[in-house]
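One structure coming up, written as structure tokens, with questions to follow.
FYI, side chains are in, hydrogens and waters are out, and symmetry mates aren't considered; it's all heavy atoms of this structure. So that the names make sense, note that chain A is the first sequence line, chain B the second, and so on, each numbered from 1.
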There are 2 protein chains.
Amino acid sequence: MPRASTTTDVFNAIAEPRRRQIINALAGGRAHAVGELVTRLRVSQPAMSKHLGVLRKVGIVSVSRHGRRRLYRLNAGELKPHQLNRIKQQAERKASERPADEGRPAKDTPKT
Amino acid sequence: MPRASTTTDVFNAIAEPRRRQIINALAGGRAHAVGELVTRLRVSQPAMSKHLGVLRKVGIVSVSRHGRRRLYRLNAGELKPHQLNRIKQQAERKASERPADEGRPAKDTPKT
DNA sequence: TTGACATATTCCCATATAGGAATATAATAT
DNA sequence: ATATTATATTCCTATATGGGAATATGTCAA
């Protein structure tokens, strides 16, 4: 069985690198139209729409209509980009500290 | 192209529900042998090994060998389960607040 | 040595998914 | 009305992935 549905799960939503890019692009707090994001991130328009759809469904962003545009904004207070960066960087640091981490053998077999 | 490699990316590592279960099971700080986790979480041994492998590669857990067992423990200070829960709950709350969020139409088209 | 136990790895398959192309929907302008 | 702009959706495909079964590796005991 592959991963849990991307549309139901925040973690799956932010597992996609492009979506994290989008989150970063929205980090300023300003609302952005789909077209702006398409240009800034060099993603095709359909792809962008799909990613934004996923982010919206899990509650990371919200939309508002303004004329023919749809403005997406990060949901303030939730899932700040810097939190994501922290998580990533912390784990990556750990991973590189212990290159292929195996631990050494031991005679001390814990009870159980 | 599907998602980014699960073995390179912390976010993909925690995107898998079973792996979050494992993280929770390790939350106490104690080290657990693979077999214990297999029993507790009712996951097959190979599956467990694979998940632990992923978690290890991205730096979320570390292993130490004790006799024929391998003891896995959460990397203290990194990626605490409660952080994951917070992220998830916050986003889920937001998502349910705005059931199918669309925003209302407007005449006010912001300057590009 | 052989055997039992603990964990990792390989092979295979079903399935979800990201992306592209084309199309649909919506809103404004003329 | 038609045209144009902006975004969403549908269809398709290639690919990564999680899980099971079987096997390999490793470790200890006799």
Side-chain angles (χ1 to χ4, degrees), chain A residues 1-9 11-22 31-39 41-57 61 63-72 100-110 112, chain B residues 1-9 11-22 31-39 41-57 61 63-72 100-110 112:
Chain A
M1 207 188 311
R3 247 167 259 185
S5 171
T6 209
T7 59
T8 316
D9 193 316
F11 297 108
N12 280 281
I14 64 177
E16 167 59 42
R18 283 265 167 65
R19 286 196 285 262
R20 291 201 300 277
Q21 276 186 28
I22 297 175
H32 289 265
V34 178
E36 296 180 61
L37 295 169
V38 164
T39 304
L41 302 186
R42 313 260 175 85
V43 177
S44 79
Q45 179 268 312
M48 181 58 75
S49 270
K50 288 170 198 166
H51 284 310
L52 289 170
V54 171
L55 292 174
R56 182 166 57 71
K57 272 187 199 130
V61 302
V63 220
S64 57
R65 300 181 174 204
H66 287 261
R68 25 188 160 180
R69 317 236 166 114
R70 305 215 183 182
L71 302 183
Y72 284 80
D101 185 277
E102 275 303 300
R104 64 287 154 207
K107 26 189 63 177
D108 166 28
T109 306
T112 294
Chain B
M1 207 186 312
R3 249 168 257 186
S5 170
T6 208
T7 60
T8 317
D9 194 316
F11 297 108
N12 279 281
I14 63 178
E16 168 59 44
R18 283 267 168 65
R19 287 197 285 262
R20 292 202 299 277
Q21 276 186 28
I22 297 175
H32 289 266
V34 178
E36 297 180 61
L37 295 170
V38 164
T39 304
L41 303 186
R42 313 259 174 84
V43 177
S44 79
Q45 179 269 312
M48 182 57 75
S49 270
K50 289 171 199 166
H51 284 311
L52 289 170
V54 171
L55 292 174
R56 184 166 56 71
K57 274 189 198 126
V61 303
V63 220
S64 57
R65 301 181 173 203
H66 286 259
R68 23 189 162 179
R69 319 235 165 115
R70 305 212 182 186
L71 302 184
Y72 284 80
D101 184 278
E102 276 303 300
R104 65 285 154 207
K107 27 188 64 175
D108 166 29
T109 304
T112 299

For this session: For dT27(D), take OP1 and OP2 only and decide whether either is under 4.0 Å from a side-chain N or O of Arg70(B).
Result: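 So the side-chain polar atoms of Arg70(B) never come under 4.0 Å of the phosphate oxygens OP1 or OP2 of dT27(D).
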
Problem set entry | Check: Lys50(A) side chain, dT7(D) base, donor-acceptor under 3.5 Å |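 No, the side chain and the base share no sub-3.5 Å donor-acceptor pair.
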
Exercise. Of the nucleotides dG19(C), dA22(C), dA6(C), which has the atom closest to the Arg69(B) side chain?
Worked result: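 Nearest nucleotide to the side chain: dA6(C).
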
Problem set entry | Separation of dT7(C) P from Leu71(B) CG (nearest whole Å) |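 Those two atoms, CG and P, are 8 Å apart.
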
Exercise. Roughly how many Å is it from CZ in Arg19(A) to P in dG19(C), rounded to a whole number?
Worked result: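 Answer to the nearest Å: 8 Å.
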
Problem set entry | Smallest separation among heavy atoms of Val38(A) and Val43(A), with atom names |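 In this case the closest contact between Val38(A) and Val43(A) is CG1-O, 3.1 Å.
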
For this session: Starting at atom CZ of Phe11(A), determine the distance to atom C1' of dT17(C), rounded to an integer number of angstrom.
Result: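 Roughly 19 Å, once rounded to whole Å.
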
Exercise. According to a strict under-4.0 Å criterion, is Arg18(B) in side-chain N/O contact with OP1 or OP2 of dG18(D)?
Worked result: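 False: Arg18(B) side-chain N/O out of range (4.0 Å or more) of dG18(D) OP1/OP2.
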
Exercise. Lys57(A) has an atom NZ; how far is it from atom P of dA18(C), in whole Å?
Worked result: 11 Å

Exercise. Is the distance from OP1 or OP2 of dT27(D) to the nearest side-chain N or O of His66(B) less than 4.0 Å?
Worked result: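 Answer is no, no contact under 4.0 Å.
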
For this session: Measure across Leu71(B) and Ala31(B) and return the closest heavy-atom pair with its distance rounded to 0.1 Å.
Result: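 That closest heavy-atom pairing would be CB-CB, 3.9 Å.
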
Problem set entry | Steps toward side-chain contact (heavy atoms from CB on, under 4.5 Å) verdict (Glu16(A), Asn12(B)) | CA-CA 8 Å; Glu16(A) 167 59 42; Asn12(B) 279 281; over 6 Å; no

Problem set entry | No-H, no-angle donor-acceptor pair, Glu16(A) side chain to dA18(C) base, under 3.5 Å | no

Exercise. Nearest nucleotide by nearest heavy atom, which residue falls closer to the 5' end of DNA chain C, His51(A) or Gln45(B)?
Worked result: Gln45(B)

Exercise. Would you say dA8(C) has OP1 or OP2 under 4.0 Å from some side-chain N or O of Tyr72(B)?
Worked result: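 For dA8(C), OP1 or OP2 has a side-chain N or O of Tyr72(B) closer than 4.0 Å.
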
Exercise. Between Met48(B) (CE) and dA8(C) (C1'), how many Å, whole number?
Worked result: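 So the CE-C1' distance, Met48(B) to dA8(C), works out to 14 Å.
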
Exercise. Does the base of dT7(D) carry an N or O that pairs as donor and acceptor with the side chain of Arg68(A) under 3.5 Å?
Worked result: no

Exercise. In terms of side-chain heavy atoms, does His51(A) have a donor or acceptor partner in Arg18(A) at a distance below 3.5 Å?
Worked result: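 Short answer, no.
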
Exercise. To the nearest angstrom, how far is Arg42(B) atom CZ from dG19(D) atom C1'?
Worked result: 18 Å

For this session: Please work out if Ser44(A) contacts a base, only the sugar-phosphate, or nothing of the nucleic acid, heavy-atom cut-off 4.0 Å.
Result: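 Since only primed, P, OP1 and OP2 atoms lie under 4.0 Å of Ser44(A), the category is sugar-phosphate.
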
Exercise. When the distance from CG of Leu52(B) to C1' of dG18(D) is rounded to whole Å, what number comes out?
Worked result: 14 Å

Exercise. Glu36(B) CD to dC5(C) C1': how many Å, rounded?
Worked result: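 Checked: the CD to C1' distance equals 15 Å.
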
Problem set entry | Criterion side-chain contact (heavy atoms from CB on, under 4.5 Å) on Val63(B) and Arg56(B), from CA distance to verdict | CA-CA 8 Å; Val63(B) 220; Arg56(B) 184 166 56 71; 2.7 Å; yes

